[in-house]
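Letters A, B, ... are given to chains in the order of the sequence lines, protein chains preceding strands, and every chain is numbered from 1.
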Amino acid sequence: MNVVEIIQKGVAKAVEALYDHTVAPEKVNISVTRKEFTGDYTVVVFPYTKAAKKKPEDIGADLGAFMVKDIPEIQNFNVIKGFLNVEISDAYWLNFFNEAYEIPNYGFGAAKNKKVLVEFSSPNTNKPLHLGHVRNILLGWSCSQILEAAGYEVDKVQIINDRGIHICKSMLAWQKYGNGATPESTGQKGDRLVGEYYVKFSSEEKAQIAELTAKGIEKPEAPILNEAREMLLKWEANDPDTRALWSKLNDWVYQGFGETYKKLGVSFDKNYYESETYLIGKERVLEALEKGVFYKKEDGSVWIDLEDVKLDHKLVLRADGTSVYMTQDIGTAMLRYDDFQMNKLVYVVGDEQIYHFKVLFEIMKRLGASYADGLKHLSYGMVDLPTGKMKSREGTVVDADELIAEVIEEARKNSLNSGVIVELTEEEQLSVNTDIGLAALKYFILKVNPQKRMLFDPKESVDLQGHTGPYIQNACVRAKSILRKAKEENLDFSDISGYPNPEKAGTDLIAIIARYPAIIQAAAEDYDPSAVAAFCYDLAKNYHRYYHEFPILKAESEAARSFRLKLSDMVAKVLTSGMELLGIQMPEKM
RNA sequence: GGCCUUGUAGCUCAACUGGAUAGAGUCCCUGACUACGAAUCAGGAGGUUACAAGUUCGAAUCUUGUCAAGGUCACCA
């Protein structure tokens, strides 16, 4: 039982004993005491005025007095207006600290024996990854880490949109204008090379249309578009040459994506390809049609009626029997269940698809999927630039690889005035700057609540000071630096019993650390990495302040030194763990 | 037009889900390094929470209306 639960239970018991009124302990309103007041936790007593028939101040005094007597962990209290502030005893904090220190993965939840599948990234093969994907990827990765820490068994998947007319466009343009260019011959990443031919197709198409329009033809169609359509037909007919070309270009793209994923430090347990899944939804829909989940119109198209949940009628099979996007998603979900038998399935997809997923989830429910209640669309807002929306046509897209290179360069420039880093080898410096640059980028994106649109200014966004990833890294690096010195001097700080009444700032740090397990559970439940980000910042900030206020290696007594060293060790561990959940690495030095 | 998001310091974001005087960072001022690492710390300035009503002990948070920004309402993905 943690402190919060102890207090909640205590309040419930006191209310029952004093006012003969029952409250559920988990309903007791309790929060961390604001720092301008004394105390650790605050109980809001307004809800009990009716039962007690007293003024809030008197109720606070009653409850406080009762609990100080009844609960050993509470050593003191004060009442301000309707708020009861309770102080937790040093003995409790120290005992808690000693126990938590020994737990290997402190903060992680017990195994829930439930499986979660997280789908994220899910790129098109005709464009290199950009800033929008970066937000998606970081959210998906971080949520996976958090769910795992919370006790779920997690598998990460992506679905690659590798078929359709858009692929044929790139293929055709490469065939016509590429002169056999390869990533090797051009020195380009595969995804960029292919992306260029996709752009080339568009410009060619435009030119042809302009030409035809000039000849006076109304609403002309470019011949090159027809060629692309023919290519798609060939692809669908399994034409060997077309398929070979398709495989070749796709492989280049996957290699390119792979490099970017590696730089971002993410990986997947399984990839799904639309070319392999786009047909399976149809059979499943036809099966369910028999059972009356769907209905057929006169023209042969298949629909579902979702009017009762205000989602209108939705098409799932065209009149010619071919699939639509929804059909594919139905099939893919079922395929995934066959593969993983998951209890929950999380889709990390932009918020423009909220309606689509509402419909999909309703359909899965009606199809009787066992995991229907565990379906979650983790939607996130678009990333805006100072100039407005990112638009590939206007060339205002922020490329992922360039962005990563930029933030690392920014970290390098900033590190030049650091005295420590110049002692490292060039390779070590690069590694440190990579950690710092990526921390800045990742933290910047993950600290924002996913559902909000966010603004990204390439010039200013990647700060290294203030409420940033590097700030948190710095707190950890400081602690580790002290611990290194302590080790050199062979200081043993395992026993802190000689320091029974530590400074308040010290127990405050312990109190923050005590929140970590609950933070992980809440972040997992809400699919919200920003909760973890905020926690790490809070801990780092308090440690920075503590570090300035209290000498650690040069503490006034050995007992104080031991306590502060052990606390520093714990802070470093928790920060490393928390940032790991965000996909951020902690360097040894910076 | 229907439905869904969002609107908080100049800027970027918080606010423990209805609780105390709405907090951080950044920017702008002031101060602290012959060092347990200044990518840090301390202090100052900066707010009618878009606007207006309502609900109650108590509202940035809930309700309604208005305004603004965005999304969605495809036999596209």
Side-chain angles (χ1 to χ4, degrees), chain A residues 4 29-37 42 44-47 49-50 55-56 80-83 85 122 124 161 163-166 274 278 299 301-303 310-312 315-320 322-326 328-329 350-356 358 379 381-382 384 389 411 414-415 417-420 436 440 444 447-449 451-457 460-461 463-475 477-479 481-486 515 518-519 522 526 530-531 533-534 537-538 541 544-555 561 564-565 568 589-590:
Chain A
V4 174
N29 192 333
I30 180 171
S31 56
V32 175
T33 301
R34 303 171 61 138
K35 55 174 180 258
E36 58 266 36
F37 303 105
T42 299
V44 181
V45 303
F46 286 108
T49 46
K50 270 183 194 158
K55 281 189 286 184
I80 297 169
K81 292 197 268 182
F83 301 91
N85 302 319
S122 304
N124 281 332
N161 180 356
R163 62 163 286 280
I165 188 75
H166 57 277
E274 276 196 20
Y278 81 111
D299 64 359
S301 59
V302 179
W303 297 71
K310 293 183 179 171
L311 290 172
D312 217 339
L315 176 105
V316 289
L317 278 181
R318 296 188 185 104
D320 63 5
T322 55
S323 298
V324 291
Y325 182 39
M326 191 64 73
Q328 288 184 40
D329 271 359
D351 60 10
E352 68 274 10
Q353 295 199 36
I354 288 175
Y355 175 70
H356 171 80
K358 264 190 192 168
S379 68
M382 211 166 280
D384 287 316
K389 231 169 128 168
N414 212 273
S415 71
N417 42 30
S418 156
V420 178
I436 295 171
F444 179 82
K447 77 175 177 184
V448 187
N449 189 309
Q451 78 187 98
K452 288 197 172 184
R453 280 179 91 94
M454 61 180 292
L455 187 85
F456 188 91
D457 185 339
E460 292 175 20
S461 289
D463 281 338
L464 306 170
Q465 270 105 30
H467 187 183
T468 66
Y471 174 94
I472 298 167
Q473 288 178 317
N474 187 230
V477 164
R478 282 182 140 170
S481 169
I482 291 176
L483 291 161
R484 261 199 307 276
K485 290 199 170 118
R515 297 210 304 264
I519 295 277
D526 300 339
S530 71
Y537 178 67
D538 196 25
K541 188 179 167 67
H544 272 308
R545 193 186 297 143
Y546 183 73
Y547 172 94
H548 269 268
E549 200 176 338
F550 298 95
I552 297 174
L553 285 170
K554 294 175 189 163
R561 188 180 63 195
R564 290 171 194 167
L565 280 170
S568 299
K589 298 180 179 178
M590 66 191 284

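- Between the side chain of A:Arg318 and the backbone N or O of A:Ser323 there is at least one donor-acceptor pair closer than 3.5 Å.
- In this model, a side-chain donor or acceptor of A:His548 finds a partner on the base of B:rU40 within 3.5 Å.
- Between A:Met382 and A:Ser530, it is A:Ser530 whose nearest contact on RNA chain B lies nearer the 5' terminus.
- Nucleotides B:rC33 and B:rC27 have their C1' atoms positioned 24 Å apart, rounded to a whole Å.
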Query raised in the report: Taking protein heavy atoms under 4.0 Å as touching, what does nucleotides 19-28 of chain B look like 5' to 3' if B marks base contact, S marks sugar-phosphate-only contact and - marks none?
Result: BBS-SSSS--

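- Secondary-structure stems of RNA chain B, taken as three or more successive Watson-Crick or G-U wobble pairs (i with j, i+1 with j-1) under a 3.5 Å distance threshold, comprise B:1-7 with B:67-73, B:10-13 with B:23-26, B:28-32 with B:40-44, B:50-54 with B:62-66.
- A straight line from OH of A:Tyr278 to P of B:rC75 spans 20 Å, rounded to a whole angstrom.
- In this structure, the salt bridge (Lys or Arg N to Asp or Glu O under 4.0 Å) partners of A:Asp538, at least two apart in sequence or on a different chain, are A:Arg515.
- Here the side chain of A:Asn449 pairs a donor or acceptor atom with the backbone of A:Gln451 at under 3.5 angstrom.
- Between B:rU61 and B:rA22, the two P atoms lie 14 Å apart (nearest whole Å).
- Comparing B:rU56 with B:rA50, their P atoms are spaced 23 Å from each other, to the whole Å.
- Listed pair A:Arg478 / B:rA38 meets the phosphate criterion, a side-chain N or O lying under 4.0 Å from OP1 or OP2.
- Position along RNA chain B of the nearest nucleotide to A:Asn474 versus A:Ile30 favours A:Ile30 as the more 5'-ward residue.
- For A:Ser301 and B:rC75, the shortest distance from a side-chain N or O to OP1 or OP2 is not below 4.0 Å.
- Not a single donor-acceptor pair, N or O on each side, falls under 3.5 Å between the base of B:rC3 and the side chain of A:Asp312.
- Remark: the backbone N or O of A:Leu311 is paired with a side-chain donor or acceptor of A:Tyr355 at under 3.5 angstrom.
- Among the atoms of the strands shown, only primed sugar atoms or phosphate atoms (P, OP1, OP2) are found under 4.0 Å from some heavy atom of A:Tyr471.
- Separating the CG atom of A:Leu317 from the C1' atom of B:rA74 is a distance of 16 Å, rounded to the nearest angstrom.
- With hydrogens and angles ignored, the 3.5 Å screen pairs a side-chain donor or acceptor of A:Ser568 with a backbone N or O of A:Arg564.
- Within the structure, a side-chain polar atom (N or O) of A:Lys452 is placed less than 4.0 Å from OP1 or OP2 of B:rA14.
- A:His544 contributes no side-chain N or O that, together with a main-chain N or O of A:Asn474, makes up a donor-acceptor pair within less than 3.5 Å.
- For B:rU17, the O4'-C1' to base torsion is within 90° of 0; the nucleotide is therefore syn.
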